[in-house]
Amino acid sequence: MTVIDTPDVTINSAAATGEPTTGNSEVLAWVTKIAELTQPEYIHWCDGSQSEWSALTEELVAAGTLTPLNKNLRPGSFLARSHPADVARVEDRTFICTEHQADAGPTNNWSEPAAMLETLTPLFRGSMRGRTMYVVPFSMGPVGGPISQLGIQITDSPYAVLNMRIMTRMGQDAMDHITPDTEWVRTVHSVGMPLVNDAGESIDDVEWPCNDTKYICQFPDTLEVWSFGSGYGGNALLSKKCFALRIASVMARKDGWLAEHMLLIKLTSPAGKDYHVAAAFPSACGKTNLAMLRPTVPGWNVETIGDDIAWLRPGPDGTLRAINPEAGFFGVAPGTGYSTNPVAMDSIWGNTIFTNVALTDEGDVWWEGMTETPPAHAIDWEGNEWTPDSGRLAAHPNSRFTVPITQCPTVAQEWSESEGVPLDAILFGGRRATNVPLVTESLSWEHGVFIGATVSSEKTAAQEGTVGELRRDPFGMLPFCGYNMADYWSHWLEMGESLGDKAPRIFQVNWFRKGDDGRFLWPGFGDNSRVLEWIVRRVEGEAEGQEIAVGRIPAAGELNVEGIEIPAQDMTELFDVNPQSWLAECDLTDEYFAQFGDRVPAALSEQLTGLRSRLSAM
Ligand code: GTP
Ligand code: SPV
Ligand code: MN
């Protein structure tokens with residue numbers, strides 16, 4: 001029994017502990033409570049220092065969890081291989097825990113909070129035996145900023161600690177801001193593999209501890225997250241999807257702001273004018289790539305502010321202000337190469353954690369799409385020998401890199417502006433081989449919300465399940481909205497009303513339309529700047545566009561395709577709207593809306609009626 005005396009409180013814990021880094025009695029009491037439940041061997045209070053980083057990486061290299069990469073090729077970088085069954089977010093194990101099921105809504109798994117705690121308590125009891133419990137304070141957004149929020153993650157995964165240090169403002173400064181009168185989010189994470197069994201015998205550790213039983217639970221009413229059994233990505237870095245989206249979306253609704261699955265960029269025109277654009281696409285549908293875009297249109301510049309999450313709040317001047325609450329990228333590796341995303345390639349020169357990619361004979365990383373020619377031999381993401389003709393992928397499709405945003409060569413100086421940047425346009429998108437045009441401007445805020453609410457997208461490897469299957473993913477938020485999705489749509493409508501003519505314009509984009517032969521019709525990546533250029537010209541009133549049934553598309557000749565070769569037939573197909581297929585989608589939208597009953601805002605039902613009548617008139 002270790003007893004620590006602090007100014008306000010006495011920690012009674014079975015665990016030995018390092019010096020607590022706070023005198024905040026609420027924090028101390030909470031840490032004690034979690035330690036009593038999970039029974040770690042030692043409590044480590046993270047300060048976010050470089051020496052802490054070095055000690056943890058050394059420890060994980062010794063344990064075999066991390067492989068150091070060749071210092072000459074990829075300095076300060078490591079490879080982690082997860083358990084082959086712990087490779088993505090587990091949406092069917094993700095729960096919103098609220099008193100009433102209707103508050104979670106039909107698109108979330110739901111549990112009554114007390115019932116879930118009853119399930120979780122035995123799982124967490126003793127779950128950290130033999131392990132170190134880390135107390136990880138962090139700030140989402142600049143520490144102390146007006147839009148920022150604070151949190152603490154308790155975890156038994158040093159891998160999660162390292163990732164949290166890259167992804168958030170983690171450390172002592174954040175802890176110092178958690179005072180008795182600040183609101184902060186309590187998150188608890190255990191990989192669920194104690195090193196001492198019930199009989200008191202020790203168990204050998206493995207390189208990637210996890211548990212077959214997984215629970216990712218959000219408690220919006222008490223600002224808590226409890227995550228059990230997984231060490232991967234959004235399941236384990238609780239600042240990210242659990243806090244910054246699921247919990248924050250509930251906070252945002254209460255306080256009149258928005259927590260969104262959006263990238264954020266600053267765009268500068270040849271005339272030197274700045275614009276800020278946010279875009280919501282589902283997981284693995286191009287946010288990181290658009291955030292790091294190198295424009296192919298001469299004279300334009302794009303700078304990166306965020307690649308995954310944006311918090312949007314009306315500013316004192318009435319504009320909608322946006323911040324990136326994160327401090328790093330947890331980016332999809334496959335498909336990232338110098339030909340598609342050179343900015344990402346230049347960002348990951350070093351100080352990067354790679355997860356589930358392949359290891360080359362030179363001690364560097366590789367994944368499908370990184371180079372045109374694969375290495376002749378590598379160790380694949382499961383640790384097996386690999387050659388190009390082994391018939392297997394070298395990297396897992398959801399393999400990732402974790403890198404500080406400050407290493408991004410195109411990072412905007414505004415990335416850490418605590419007041420946020422004013423938004424000029426919001427883009428909604430998805431991965432659609434058919435039907436959805438390359439770009440469409442909404443006819444009004446309400447129409448824009450309708451577009452966001454009805455997005456469907458082909459499923460990707462970012463979540464467990466069948467890749468390619470079409471599913472509704474409103475606002476790219478299907479797995480991330482912490483409350484009833486229909487109420488979320490109402491909140492968006494209300495935000496538009498209060499923003500009035502200061503509201504950003506809303507557009508729909510689709511980089512993924514395919515021809516009958518299965519090839520992408522649009523070159524994408526840097527050439528998406530052509531679409532951004534048209535969007536800015538619309539914002540400035542410099543392009544007329546052409547109104548069709550589904551919205552406003554570029555008029556003939558308005559989209560700048562100078563310097564790329566797109567057959568005229570492909571251009572036509574990129575914007576083709578088939579009224580029959582669209583009317584069929586309207587029927588599906590009816591079915592989709594039906595599950596929300598009378599919570600569907602009337603404005604959205606009216607939008608559906610309007611769309612149908614415009615399509616029928618085609
Ligand atoms: P999450 O981190 O899961 O939220 O994903 P994300 O939305 O940031 O997606 P990301 O930019 O990582 O892209 C996912 C995949 O889509 C990668 O394999 C990219 O190469 C591919 N991709 C991105 N942009 C484009 C594009 O414009 N055209 C095509 N064809 N593919 C793209
Ligand atoms: C996503 O799936 O949208 C991601 C990766 O950005 S994860 O952190 O796992 O959520
Ligand atoms: Mn994401």
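Order of appearance sets the numbers: ligands from 1, and atoms from 1 within every ligand. Computed from a predicted structure; not experimentally measured.
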* To do: Please work out which of P334, C285, A462, A284 has its closest non-hydrogen atom nearest to atom 17 (C) of ligand 1.
  => P334
* List every atom of ligand 2 that sits less than 4.0 Å from any heavy atom of A462, numbering the atoms from 1 in the order shown and giving each element. => 2 (O)
* Asked: Any N or O on G524 sitting closer than 3.5 Å to an N or O of ligand 1?
  -> no
* Can a donor-acceptor pair be found between the side chains of W381 and S399 at a distance below 3.5 Å? -> no
* Do W366 and W386 make the cut of ring centroids closer than 6.0 angstrom? -> yes
* To do: Could you tell me the separation between the CG atom of L263 and the CE atom of M292, rounded to the nearest 0.5 Å?
  => 10.0 Å
* Structure fact -> Rounding to 0.5 Å, atoms OG1 (T572) and CG (D570) come to a distance of 8.5 Å
* For atom 9 (O) of ligand 2, what's the nearest protein heavy atom and its distance? -> G234 N, 2.8 Å
* Asked: Where's the contact between N528 and ligand 1, heavy-atom distance under 4.0 Å: side chain, backbone, both or neither?
  -> side chain
* May I ask you to check whether K287 has an N/O atom sitting below 3.5 Å from an N/O atom of ligand 2? => no
* Structure fact -> Note: F512, heavy atoms under 4.0 Å from ligand 1, region reported as side chain
* At a 4.0 Å cut-off, with the gap strictly under it, does some heavy atom of T340 reach an atom of ligand 1? -> no
* To do: Output yes when a side-chain donor or acceptor of H189 lies under 3.5 Å from a complementary backbone atom of S230, and no otherwise.
  => yes
* Asked: For ligand 1, which atoms have a heavy atom of G335 less than 4.0 angstrom away?
  -> 18 (O), 20 (O)
* Flag the pair W511 / F525 as yes when their ring centroid distance falls below 6.0 Å, and as no otherwise. => no
* Structure fact -> ligand 2 to F330, heavy atom cutoff 4.0 Å, flagged ligand atoms 5 (C), 8 (O), 9 (O)
* Asked: How does M262 reach ligand 1, by side chain, by backbone, by both or by neither, if only non-hydrogen atoms under 4.0 Å count?
  -> neither
* Asked: For ligand 1, which atoms have a heavy atom of F520 less than 4.0 angstrom away?
  -> 30 (N)
* Of the backbone atoms (N, CA, C, O) and the side-chain heavy atoms from C-beta on, which set of R431 has a member under 4.0 Å from an atom of ligand 1: side chain, backbone, both, or neither? -> side chain
* **Side chain to side chain, V206 and M193, heavy atoms closer than 4.5 Å** => yes
* Check whether more than 12 heavy atoms from other residues, nucleotides or ligands sit under 6.0 Å from atom CG of D516, and answer yes or no. => no
* atom 11 (O) of ligand 1 - nearest protein heavy atom and its distance -> N289 ND2, 2.8 Å
* Asked: Taking 4.0 angstrom as the limit, do R392 and D380 come out as a salt bridge?
  -> yes
* **Any donor-acceptor pair under 3.5 Å from N109 side chain to E91 backbone** => yes
* Which residue supplies the protein heavy atom nearest to atom 6 (O) of ligand 2, what is that atom called, and how far is it? -> K241 NZ, 2.7 Å
* **Which of the ligand 2 atoms, numbered from 1, are nearer than 4.0 Å to a heavy atom of S283** => 1 (C), 2 (O), 3 (O)
* **R186 to W184 six-membered ring, cation-pi geometry met (6.0 Å, 45°)** => yes
* **Proximal ligand 2 atoms for D308, defined as those under 4.0 Å from one of its heavy atoms** => 6 (O)
* So, does Q153 use its side chain to make a donor-acceptor pair with the main chain of A236 at under 3.5 Å? -> yes
* **Nearest option to atom 22 (N) of ligand 1, as decided by whichever heavy atom of W522, W511, F525 sits closest** => F525
* Angle at the Mn ion (ligand 3) between NE2 of H261 and OD1 of D308, to 10°? -> 90°
* Any Q463 heavy atom less than 4.0 Å from ligand 2 -> no
* F281 ring centre to K287 NZ or CZ under 6.0 Å, with the angle to the axis within 45°? -> no
* Taking the side chain as C-beta and beyond, is there a heavy-atom pair between L60 and P158 under 4.5 Å? -> yes
* To do: Establish, for the pair R431 and F512, whether the NZ or CZ atom is under 6.0 angstrom from the six-membered ring centre and no further than 45 degrees off its axis.
  => yes
* Could you name the option among M292, K287, K241 that has the heavy atom nearest to atom 7 (O) of ligand 1? => K287
* Asked: Within the side chain of E458, is there an N or O that forms a donor-acceptor pair under 3.5 Å with the backbone of A433?
  -> yes
* Asked: Can an N, O or S atom be found in K241 less than 2.8 Å away from the Mn ion (ligand 3)?
  -> yes
* Structure fact -> Quick look: S283 vs ligand 1, heavy-atom contacts under 4.0 Å, and the answer is both
* Atom indices of ligand 2 within 4.0 angstrom of F480 heavy atoms, with elements -> 3 (O)
* Asked: Against heavy atoms of R400, which atoms of ligand 1 measure under 4.0 Å?
  -> 1 (P), 2 (O), 3 (O)
* Should P282 be listed as contacting ligand 1, given a heavy-atom distance under 4.0 Å as the test? -> yes
* Return a yes/no value for G286: is any of its N or O atoms, backbone included, closer than 3.5 angstrom to an N or O of ligand 1? => yes
* With backbone taken as N, CA, C and O and side chain as the heavy atoms from C-beta onward, which portion of H261 lies under 4.0 Å from ligand 2: side chain, backbone, both, or neither? -> side chain
